[in-house]
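Below you'll find the structure, written out as structure tokens, and then a few comments.
Remember, it's 1-based here, ligands and their atoms both numbered in the order they're listed. Predicted model, so just to flag it, every value in this text is computed and none were measured.
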Amino acid sequence: MNPRWVTTCLPLLFLSFANAGILYPRVSETREQISLDGLWNFATSSPTQKHDSTWYLRNFRAVDGLEVDLMAVPSSYNDIGTGFEIRDHVGLVWYQRDFVVPKSWQSGKVWIRFSSVCYSATAWINGEEAVSHSIGHLPFQADVTSLVVYGARNTITVAVDNILTNSTIPEGYIEELNSGRQKQQVTFDFFNYAGIDRPVVLYTTPSTYINDVTVTTDFDGTNGFVSYDVFLVGSDAVTARVSLLDKEGNEVAVDTLLNSTLFVQNVNLWWPYLMDPSPGYLYTLQIQLLDSSGELWDKYSQPVGIRTISWNENTLQINNKPVYLRGFGRHEDSAIRGKGLDLPLILRDHNLIKWIGANAYRTSHYPYAEEIMDLADQLGIMIINECPAVGLIHLGTPELLENHKQSLTEMYNRDKNRPSVIMWSAGNEPASSDPQATDDHFREVFAHIHDLDPTRPVTVINFNGRHDNQGGEYIDVIGFNFYTGWYQDTGELDVVVTNLVAEGQRLRGIYNKPVMVTEYGSDTQEGLHILPSFVWTEEYQNELISKFFQGFDQMRDDGFIGEMIWCFADFKTDQSVNRVGGNKKGIFTRDREPKASAHLLRKRYWALAEVLDNVEVPDDVNEYIIGN
Ligand SMILES: *[C@@H]1O[C@H](CO)[C@@H](O)[C@H](O)[C@H]1NC(C)=O
Ligand SMILES: *[C@@H]1O[C@H](CO)[C@@H](O)[C@H](O)[C@H]1NC(C)=O
């Protein structure tokens with residue numbers, strides 16, 4: 001494909017069409033919704049394909065010489081087919097489908113919302129450009145009221161471009177292979193899935209509507225406080241009724257201002273999983289706009305968890321109680337679907353998280369689907385929410401900095417009201433070789449996110465700026481990925497505890513901030529057993545993580561606030577000589593069955609819960625071995 005043609009047709013970068021308001025679309029008395037998920041027509045561009053500059057605005061099936069397939073939405077497109085052409089495709093792919101907009105929708109506004117397209121996307125409705133967006137894993141939407149026809153058939157066409165460059169988030173570059181094919185090289189160790197990975201919906205709002213709401217919470221003894229700020233678009237000739245409903249739907253507080261603080265007696269705080277008998281308590285903030293005659297004009301309901309986050313140089317606290325994070329790094333990844341949202345899979349994952357007794361994870365290495373975040377809010381899982389800045393190299397370039405800040409803005413706008421989000425991660429393993437540039441870049445990135453959100457701490461994993469405590473001025477929590485016994489000192493279990501504790505103490509010494517391990521582990525082929533243990537066996541994974549447990553326990557009382565194993569489940573990577581079918585550091589297999597390590601980690605996480613959260617360990621965690 002001619003790259004110039006791509007840039008002239010799709011001037012995607014640096015356009016932030018995304019309205020600040022990006023509320024999750026919810027049906028209400030005043031809002032309707034139609035899902036556009038399903039099977040779409042699908043085509044890929046190739047340099048030899050015949051087309052003029054607007055062929056994609058025609059019915060794909062009527063374009064001469066265009067090979068048209070079906071593609072599932074939501075799904076990554078890579079693993080649906082049978083050829084490497086689609087799996088390893090570089091550049092544009094095209095999606096198209098028809099839909100009908102009801103006549104009754106004519107009276108208000110109609111929106112289209114994409115929950116995530118990787119990476120950049122442009123959508124046309126009936127031949128008119130509707131929206132364009134350039135960062136994956138984040139939602140975007142547009143008002144399409146004047147583009148759709150009512151009571152009739154409409155056509156939507158979406159161009160999806162998976163090219164990553166030295167200024168996109170994340171970064172990448174195109175390499176010409178010896179075969180003459182192009183390859184998208186990336187700066188991360190997971191498969192570069194692409195496509196319309198999450199749901200697409202059409203929904204309605206009235207012409208005057210609730211565009212956004214920001215909620216912050218506090219408590220004092222048994223009194224809870226919910227401060228909210230509702231942003232309207234349209235006429236101001238409306239009045240508001242904002243109420244807080246408890247879990248049973250009883251109204252516990254009400255106000256008529258768009259910007260105010262609700263007061264709740266006998267508050268049920270949002271607690272992390274296992275820190276309370278009913279963790280993840282959610283209220284509902286019900287926002288209603290009424291016209292002058294008291295008729296309901298718009299209504300939107302926002303889940304709210306009442307909790308505080310605080311931090312100092314030694315601890316991270318939820319509701320003034322220090323927390324110890326026990327969890328995972330994860331991926332959105334599964335066979336066939338790639339990063340496509342799959343409801344049975346995400347429920348299974350959360351059932352496994354409950355089973356294993358974890359209370360936290362990091363959304364390595366990009367924001368996860370909103371439906372996953374909903375489960376975390378409801379279960380009381382603490383989330384380190386990571387933007388897609390993984391492995392950034394070209395620090396010091398203004399374009400990359402702008403796009404990095406934009407990704408954080410969009411992640412904040414989407415997730416600011418989620419009680420589960422207890423920390424922002426500005427990225428993973430920045431890989432610039434220039435410590436000064438790294439320092440300057442992250443100083444601006446951190447200022448940006450602290451500006452957006454003073455209520456949550458910020459980290460970047462494996463910060464490698466200047467190590468003279470410059471970073472300590474702006475990083476709130478130090479997260480480090482540590483692979484002693486695997487990438488370093490391979491097979492040397494005896495040095496693991498010493499190496500780990502030394503690194504933890506070194507980082508404490510430099511930054512004087514809470515420290516946690518955000519990755520550790522070993523690749524493990526399920527069913528492979530060798531005694532004495534050997535790399536890649538289930539024995540080795542168990543022995544390695546046991547050594548880490550010892551190290552963690554030595555550090556726990558000294559500003560060490562958490563352990564997250566890499567990885568929750570096996571996942572697909574690019575082809576390489578040290579990856580057999582993907583990264584096998586999962587404690588669950590890719591189809592979410594436990595390796596021996598999952599049972600061991602379960603004993604550890606429940607033992608931590610017993611000691612730190614005072615919970616009773618389920619009988620089946622520790623089986624009966626011997627009586628006397
Ligand atoms: C980024 O890539 C472009 C196109 O390949 C190149 O011209 C430019 O020099 C690169 N920028 C940096 C900072 O490497
Ligand atoms: C509304 O509330 C926000 C907090 O979200 C606050 O920063 C802002 O100043 C308030 N605005 C007005 C007009 O009261």
Side-chain angles (χ1 to χ4, degrees), residues 1-16 44-47 53 88-93 117-122 132-138 159-194 365-366 386-410 426-449 460-466 470-471 474 574-576:
M1 169 187 16
N2 176 357
R4 229 189 45 206
W5 181 77
V6 175
T7 39
T8 46
C9 285
L10 292 174
L12 298 182
L13 298 177
F14 309 115
L15 301 176
S16 50
T44 58
S45 289
S46 83
S53 64
D88 300 338
H89 179 76
V90 178
L92 287 170
V93 299
V117 179
C118 283
Y119 290 95
S120 56
T122 298
S132 201
H133 181 258
S134 64
I135 304 177
H137 317 285
L138 289 161
V160 178
D161 190 349
N162 70 348
I163 290 182
L164 296 172
T165 71
N166 58 19
S167 62
T168 57
I169 297 293
E171 273 190 63
Y173 62 95
I174 305 288
E175 190 188 332
E176 291 283 341
L177 299 178
N178 289 336
S179 62
R181 283 198 299 131
Q182 288 191 325
K183 179 165 172 63
Q184 174 72 63
Q185 297 289 6
V186 294
T187 61
F188 46 82
D189 183 27
F190 52 93
F191 192 82
N192 189 33
Y193 283 113
H365 295 300
Y366 38 81
E386 188 160 282
C387 78
V390 50
L392 296 188
I393 297 170
H394 291 91
L395 302 179
T397 58
E399 284 182 19
L400 188 73
L401 178 62
E402 270 326 294
N403 287 334
H404 192 177
K405 289 197 314 203
Q406 179 67 20
S407 74
L408 285 157
T409 303
E410 290 183 29
N428 183 69
E429 299 180 5
S432 166
S433 55
D434 180 348
Q436 183 66 57
T438 304
D439 222 45
D440 293 344
H441 181 97
F442 279 99
R443 184 182 310 278
E444 286 208 38
V445 163
F446 274 62
H448 176 69
I449 193 147
V460 58
I461 309 305
N462 278 19
F463 177 71
N464 64 342
R466 289 157 58 194
Q470 291 295 305
Y474 51 83
D574 197 2
Q575 302 187 64
S576 91

Open item on the list: Check this for me: Gln575, atom CD, are more than 12 non-hydrogen atoms of other residues, nucleotides or ligands nearer than 6.0 Å?
Closed with: no
Task: Residue pair His441, Leu392: steps toward the side-chain contact (heavy atoms from CB on, under 4.5 Å) verdict - done: CA-CA 11 Å; His441 181 97; Leu392 296 188; 4.2 Å; yes
Open item on the list: Testing Tyr119, Phe188, Phe190 one by one against Tyr366 for a ring-ring contact (aromatic ring centres under 6.0 Å, His included), which residue passes?
Closed with: Phe190
Open item on the list: Whether the Ser120 and Ser134 side chains hold a donor-acceptor pair (N or O, under 3.5 Å, no angle test) is what I'd like checked.
Closed with: no
- [ ] Going by the side-chain contact (heavy atoms from CB on, under 4.5 Å) test, name the single residue among Lys405, His404, Glu402 that passes it with Glu444.
- [x] Lys405
Open item on the list: Out of the candidates Asp439, Thr438, Asp434, Leu401, only one should pair with Leu395 under the side-chain contact (heavy atoms from CB on, under 4.5 Å) rule; please name it.
Closed with: Thr438
Open item on the list: I need the contact residues for ligand 1: any residue with a non-hydrogen atom closer than 4.0 Å to the ligand, ordered by chain then number.
Closed with: Asn166, His394, Thr397
